[in-house]
2 protein chains.
Amino acid sequence: MTLEEPNTRTRLLAHAREVYLEGGAAHFSLREVARRVGISAAAVYRHFDSKDALLGAVCEEGFRTFLGYLLRSLGERTPLARLRAAGDLYLRFALENEHDYRVIFMSSVAAIAVGAAKADPAVTSPTFLFLVDRVRECTASGDLREGDPTAMAAGIWAHVHGLSSLRLCGHLASAGDDAAFAFFFRQSMDALLVGLAP
Amino acid sequence: MTLEEPNTRTRLLAHAREVYLEGGAAHFSLREVARRVGISAAAVYRHFDSKDALLGAVCEEGFRTFLGYLLRSLGERTPLARLRAAGDLYLRFALENEHDYRVIFMSSVAAIAVGAAKADPAVTSPTFLFLVDRVRECTASGDLREGDPTAMAAGIWAHVHGLSSLRLCGHLASAGDDAAFAFFFRQSMDALLVGLAP
DNA sequence: GTCTATAGGTGGATAGAC
DNA sequence: GTCTATCCACCTATAGAC
């Protein structure tokens, strides 16, 4: 295993993500990506069938990174600690991978482009199922009330997503720096968990 | 005062809003608006300086609409009922004015497009201050705990925004139709309020 | 105020040479 | 795999006639 030059396909993906993050799906252009990679627009079609296929591939990559963050929460010793850690890691992913986060959760491209390129729900839903599992084991351990784990997970997801996305949009800038915001984030998350306790 | 034929400028605004609602700011085109109004694209420039000016006028309307929704919560009799109603109306606004919502809360375009047309922060922030006031009176009435009302309001805002935006992106489609989702929304909001109770 | 005509720009996608 | 050349669609904006 040696260090290799990134191949063209990889470079296309990297620059495609960059372009998408700068202007959103609206201004995403295959030509601009090709320009940055340093090849002609036509050459892109050797690597991807269409503009949408390229955009879809960008989304898939983000999902994998995201899942990697969440899995780290499994290092905690108790169900509740794992759930809370998952929340913290969710925020970390959002702050450390703003571009990916926007692609995945703050645009309709993920649901559309990914679904179009590869109608595989297993690409997106494992992350949500992971959260449902964290909720389930918290219910089993008595940390959360009995109830539809999917609905509870959706509520928790919405909460952490709301905090993360508003932060990324600059709407919660008054909360201070990232460390201060992480503290506020944890507090708010805990308030919700109290409301979901038995 | 008599009933008059809407003038061209008014008709432009109406159709611009229609086009905007159909495809969002991304696919908004001055030509398409002109087409629907039945005049040439060039004629639009007699009424608006540019495409952005026209779009800005439409967006301003969105902000006013949003505030209108929130204000209806004041019809409730108790502080807690007003806060809960504000939450419900927030969701209603998001679902009934999807593109307005996206522009205001799910993109950085709001600060740019609208800000360019009218750099008045008082257009957006009154809505958050409105929520802070709802929290304050709930603390006074004993429905919510003592604490920084701004932080609590931010947490509540994030929660309703998270639910609303995920719904709009199609990520919470499994929750059923809008009525079913509104029910789930209310439940989740109540859980958070329980966590924020004294 | 509205038109036509036009300038000048974006973009996606394909064909065929190499 | 990559290129150039090309086609077609769409767009914003302006100029000048009426």
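Within every chain, numbering begins at 1; the chains are lettered A, B, ... in the order of the sequence lines, protein sequences first and strands thereafter.
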Practice item. Assign B/Arg35 to base, sugar-phosphate, or nothing according to its heavy-atom contacts below 4.0 angstrom with the strands shown. Key: sugar-phosphate

Exercise for review: Check every strand shown and say whether B/Ala42 touches a base, only sugar-phosphate, or nothing at a heavy-atom separation below 4.0 Å.
Suggested key: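 Since a base atom lies under 4.0 Å of B/Ala42, the category is base.
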
Please report the distance, rounded to the nearest Å, between [atom1] in [X] and [atom2] in [N].
{"X": "B/His47", "N": "C/dC3", "atom1": "NE2", "atom2": "C1'", "answer": "13 Å"}
{"X": "A/Phe48", "N": "C/dG12", "atom1": "CZ", "atom2": "P", "answer": "14 Å"}
{"X": "A/Ile39", "N": "D/dG1", "atom1": "CD1", "atom2": "C1'", "answer": "9 Å"}
{"X": "A/Asp49", "N": "C/dA13", "atom1": "CG", "atom2": "C1'", "answer": "12 Å"}
{"X": "A/Leu30", "N": "C/dT10", "atom1": "CG", "atom2": "C1'", "answer": "13 Å"}
{"X": "B/His27", "N": "C/dG11", "atom1": "NE2", "atom2": "P", "answer": "14 Å"}
{"X": "B/Tyr45", "N": "C/dT4", "atom1": "OH", "atom2": "P", "answer": "16 Å"}
{"X": "A/Arg46", "N": "D/dT4", "atom1": "CZ", "atom2": "P", "answer": "15 Å"}

Point to revise | Contact under 4.0 Å: B/Thr8 side-chain N or O vs C/dT2 OP1/OP2 | key: yes

Study note, to complete from the structure: Among D/dC3, D/dG1, C/dG1, the one nearest any side-chain atom of A/Ser40 is D/dC3

Point to revise | Check against side-chain hydrogen bond (donor to acceptor under 3.5 Å, both in side chains), A/His161 and A/Tyr101 | key: CA-CA 10 Å; A/His161 164 69; A/Tyr101 190 84; 2.6 Å; yes

Exercise for review: Let me know, please, whether A/Ser29 or B/Ala43 comes out on the 5' side of the other along DNA chain C by nearest nucleotide.
Suggested key: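 Whichever sits nearer the 5' end wins; that is B/Ala43.
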
Review point. Between A/Met152 and A/Arg145, is a side-chain contact (heavy atoms from CB on, under 4.5 Å) present by the stated rule, with each step listed?
Key: CA-CA 10 Å; A/Met152 292 168 74; A/Arg145 72 166 67 130; 3.9 Å; yes

Check your understanding: In this structure, which one of B/Thr78, B/Asp143, B/Asp190 forms a side chain to side chain donor-acceptor pair (under 3.5 Å) with B/Arg84?
Key ->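 Exactly one option meets the side chain to side chain donor-acceptor pair (under 3.5 Å) with B/Arg84, and it is B/Asp190.
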
Review point. Do A/Tyr90 and A/His159 meet the criterion of a side-chain donor-acceptor pair at a distance under 3.5 Å?
Key: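 No, because no side-chain N or O of A/Tyr90 sits under 3.5 Å from a partner of the opposite role on A/His159.
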
